[in-house]
Amino acid sequence: MRSQNRWLSGGFVLSALVPAFRTPDLRRRILWTLGLLALFRLGATLPSPGVDYRSVRDCIDVVSGGESAGIYQLIDVFSGGAMLQLTVFAVGIVPYITASIVTQLLTVVIPRFADLRAEGQAGQAKITQYTRYLAVALGALQASTLVALAARKQLLRGCPKEVLADNGIFAMLVIVLVMTAGAALAMWFGEQITERGIGNGMSLLIFAGIAARIPSQGRSILNSSGVLIFIGVCAAVLLMIVGVIFVEQGQRRIPVQYAKRVVGRKMYGGSSTYLPLKVNQAGVVPVIFGSSLLYLPNLLTQLTQRGPGEQTGWQRVVQRYLVDPGNPVHVAVYIALIVFFTYFYVSVTVDPAERADEMRKFGGFVPGYRPGKATADYLSHVLTRITLPGSVYLGVVAVLPNLLAHFGAAGPAQNLAFGGTSVLIVVSVGLDTIKQLESQLMTKNYTGFLR
């Protein structure tokens with residue numbers, strides 16, 4: 001496993017940004033990206049029609065840090081705090097992310113999707129269209145759920161105030177339509193950033209939402225816990241960032257040799273390269289899956305609970321072992337789910353047999369292994385071995401906020417804005433964006449040299 005530690009240097013980031021602003025095309029791309037991100041953050045602060053914004057703010061202050069909002073914390077982080085405030089972009093891009101994951105998994109289950117994937121760009125365009133339709137449907141479903149929970153005072157439990165000005169069917173339908181339209185607009189923002197901007201649009205929208213909450217969370221920690229705790233949290237976050245960068249850049253390089261072949265009067269091949277397999281091949285998808293599945297029992301207990309304080313035996317077990325983030329059972333189950341979903345997602349998205357077949361078609365082979373099945377078995381063996389440390393790394397990073405809570409870092413310090421999941425997303429998106437910026441700069445330099 002090798003790690004490219006040059007990304008730790010702040011000078012590298014500046015060396016990529018300064019020439020980018022001097023290039024007209026890249027400057028337009030960067031400004032287009034920043035403009036759409038600003039519009040997204042503006043929509044994340046605008047309350048939906050029919051929502052009592054002052055009551056919502058009061059309720060958030062009342063229940064902040066409590067268990068009532070714990071089930072929605074991860075999604076609220078992805079929306080940049082817009083979900084609990086019931087803004088226009090309250091649903092955000094979570095429906096599109098879910099739809100993308102579902103359609104990606106369907107390519108393995110349904111032959112029709114597999115055939116579309118094999119068709120190339122035309123088939124991918126159809127899959128993207130299906131993803132958009134599914135994202136809009138999921139956005140409407142999630143918006144309806146949010147409005148229904150807000151009307152029943154279960155979105156921000158513990159606050160007696162009415163967050164909706166009118167609980168009538170028509171008024172709630174208007175809010176649902178506005179939130180669904182906001183989800184579709186956020187999806188369009190992300191696609192436009194990917195196509196005409198810099199970096200992956202959906203990832204950058206999540207990045208903007210998390211980064212927007214960091215100053216307020218830092219101020220809350222400083223005001224509530226003091227300077228020493230604030231310095232300790234900043235040091236812990238800095239160490240976490242260094243560790244995430246180190247592992248995210250770690251990869252196993254499989255040597256690949258291409259045989260010489262003669263086409264006409266020219267000879268091709270004869271070169272050696274490598275096939276990079278990242279330690280964290282699954283990204284943050286296992287964390288999202290594990291969090292959603294772990295919070296599902298808590299959601300069921302809230303929906304089936306008859307009244308405040310009235311709990312059955314299984315509801316008390318769920319509240320004690322699966323809801324409390326400091327409980328060892330919660331931590332163990334969380335890590336186990338992340339490890340399972342990491343292996344599952346890698347097995348679905350990375351096909352060693354397909355990689356081996358591609359190398360065989362172009363005359364490539366791994367030294368010491370025959371092309372075809374032997375190469376596929378070797379790649380599967382290596383991928384299985386490096387996925388284990390990657391999955392454990394994801395689990396450790398994800399449960400760090402739980403460990404902070406267990407050791408007494410209560411209040412804003414255990415908020416997910418400073419949690420491992422957020423740090424993982426911010427660092428991964430930042431590295432990927434800088435890589436793309438450097439790649440485009442290198443392309444521009446080569447183009448100018450050839451001209």
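Values below: every heavy atom of this structure, side chains too, minus hydrogens, waters and symmetry copies. Numbers here simply count residues along the sequence, with the first being 1.
Relative orientation of the Phe40 and Phe89 rings is parallel, given thresholds of 30° and 60° on the angle between their planes. Taking the six-membered ring where the residue is Trp, Tyr133 and Tyr130 present tilted rings, their angle falling between 30° and 60°.
Side-chain N/O atoms of Tyr393 and Glu248 include a donor and acceptor closer than 3.5 Å. Residues Thr103 and Thr131 bring a donor and an acceptor atom of their side chains to less than 3.5 Å of each other.
You'll find the side chain of Val91 stays beyond 4.5 Å of the side chain of Leu138, heavy atoms only. Between Val429 and Ile206 the shortest side-chain heavy-atom distance does not fall below 4.5 Å. Side-chain contact between Pro111 and Phe113: absent, with no pair of heavy atoms (C-beta onward) separated by less than 4.5 Å. Between Asp377 and Tyr369 the shortest side-chain heavy-atom distance does not fall below 4.5 Å. Between Tyr96 and Met202 there is a side-chain heavy-atom pair separated by less than 4.5 Å. With a 4.5 Å cut-off on side-chain heavy atoms, Arg355 and Leu277 count as touching. Looking at heavy atoms from C-beta onward, Leu394 lies in side-chain contact with Leu424 at the 4.5 angstrom threshold.
Here the side chain of Ser48 pairs a donor or acceptor atom with the backbone of Leu86 at under 3.5 angstrom. No side-chain donor-acceptor contact under 3.5 Å links Thr194 to the backbone of Asn200. Here the side chain of Thr87 pairs no donor or acceptor atom with the backbone of Pro47 at under 3.5 angstrom. Side-chain N or O atoms of Ser428 include none that pairs as donor or acceptor with a backbone N or O of Ile425 at under 3.5 Å. Judged by distance alone, with hydrogens and angles left aside, the side-chain atoms of Gln281 form a donor-acceptor pair with the main-chain N or O of Lys278 at under 3.5 Å. In this structure, Tyr334 contributes its side chain and Val329 its backbone to no donor-acceptor pair below 3.5 Å.
Using a 4.0 Å cut-off between charged side-chain N and carboxylate O, Asp115 and Arg112 make no salt bridge.
Atom CE of Met359 and atom OG1 of Thr375 lie 5.5 Å apart (nearest 0.5 Å).
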